[in-house]
Each structure stands twice: as structure tokens, then as C-alpha cells.
Amino acid sequence: MTREAREFEDLDHVRELNRLFLSFLHTRAQGRLDCLGLNETTVATLRSASAETLDRLAEFPCALFRLKLDALRPRVDEPGRFQLEPAQLSLQSGILNGVWHLVRRHAYSARLYMAMSDAEVRLLRSTPLLDLSRLALSVNLIGCAFHESEWMWIELLTETRPEYRRCLLLVGMQPKLGADGRLGVAGQRASH
């Protein structure tokens, strides 16, 4: 397989994980349930999002979720009791398994598309497949990407102009740059 084909396959993998994640969030928003800490404005926008909007958002070329792998470090040997509803447990298991396979296949893609650090990649690569299900049932592992800059979610859900979608991609690939909202597309749009 060529390098380009592998990168396309990895990106397609990330987009499928995004679809899984967005389906979960949209169902939660429709039921007026907590959406992994997103604020009410974002949840309301998500609730009213069409299927086409969600499909477009799933195509965003980086993960819309973050694995909270710090939660694994103290619990790898002795997971404690953890209660989540079945839908979230299924989401965690699916995403953790999908990311684990990506990390094992191509660590660079995991760092690029999932915003994972080298330490997170090493931690996940060193976790045996046998432990993944147990870990997914023992700790809260999934959060929203761009949580520190929720304006990004509103823009991703509502913006359709290609030039702004490209700006969002650049900010999304380095979310810390837009955390205060002043450096991001939302800040640029407000000033025009």
C-alpha cells in the first residue's frame, strides 16, 4: 500500500469514528441529556442540526473527540467501579478500539488526526487488546475536542463557506491557538 493510500485510509478511519461520536452526541442532544460537557448553546445548535450537517461535520479531517488517557494511567492494573449508561459505554469501547488500531497501524496519523501526544501514543500502544474492553468499562475516557473553545463547535455546525471551513481546519489542527476565541474564525467574523 502506498503512503498516500494509507493516509487516506487513516483519515477515513477518523471520519468513521467522528460519525460514531456525532451520532451519540446528536442522540443525547435530542434527548436533552448532557453532551459530555458542551454548553447549552452548542447543544441547542447540535439538537437542530440536520443529517447533512452532521455528515459534513463528520468529514472534518481531525477527531471531534478526545481520549482522556490520563484516566488510564492510575487504573491500568486495578480498574474501579464505574457507571455509565450503555450507549456511552458502547461509544467508549468503539472509539477506544478504533483509536487503538490506528495507533498500532500508524502512530503518526494518531498524533496528527487525534491530537495525541507521544506519551499518549506510547501508553495506548503498550495496552494489550485484551485490556481495552475492561478499561472502557472502568473509567470515563471520552470528551469533546475543542472543549476549551466551544465557539469552534458552533462554527463547525453552522459555517458552510469553503474559505471559513479551511480556516476552521487550520484552527482545529492546533486547537490551543483558538482557545480564547480571539484568534479563531469566530473572532475574525465578528470584526468584519
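Starting from 1, each residue takes its place in the sequence as its number.
Legend: residues meeting side-chain hydrogen bond (donor to acceptor under 3.5 Å, both in side chains) with Ser50, ordered by chain and number and at least two apart, are Glu52, Thr53. Shown here are the salt bridge (Lys or Arg N to Asp or Glu O under 4.0 Å) partners of Glu163, two or more places apart in sequence or in another chain: there are none. Judged as a side-chain hydrogen bond (donor to acceptor under 3.5 Å, both in side chains), and not counting sequence neighbours, the contacts of Arg105 are Asp10.
Remark: side-chain polar atoms of Ser126 are paired, donor with acceptor, to backbone N or O of Leu123 under 3.5 angstrom. Side-chain atoms of Arg15 do not come within 3.5 Å of backbone N or O of Pro61 as any donor-acceptor pair.
Under 4.0 Å is where a charged nitrogen must lie from a carboxylate oxygen, and between Glu159 and Arg161 at least one such pair does. Between Arg66 and Glu120 no salt bridge is recorded (no basic side-chain N to carboxylate O distance below 4.0 Å). In summary, Glu16 and Arg19 engage in a salt bridge, as defined by a charged side-chain N under 4.0 Å from a carboxylate O.
Relative ring orientation between Trp153 and Phe21 is described as tilted, the plane-to-plane angle lying within the 30° to 60° band.
Looking at Ile95 and Val99, their side chains come closer than 4.5 Å, going by heavy atoms from C-beta outward.
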Does the pair Arg32 and Glu40 meet the rule for a salt bridge (Lys or Arg N to Asp or Glu O under 4.0 Å), with working shown?
CA-CA 10 Å; Arg32 300 190 184 280; Glu40 185 50 43; 5.1 Å; no
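The structure places CD of Gln30 at 7.5 Å from CZ of Arg47, a figure rounded to the nearest 0.5 Å.
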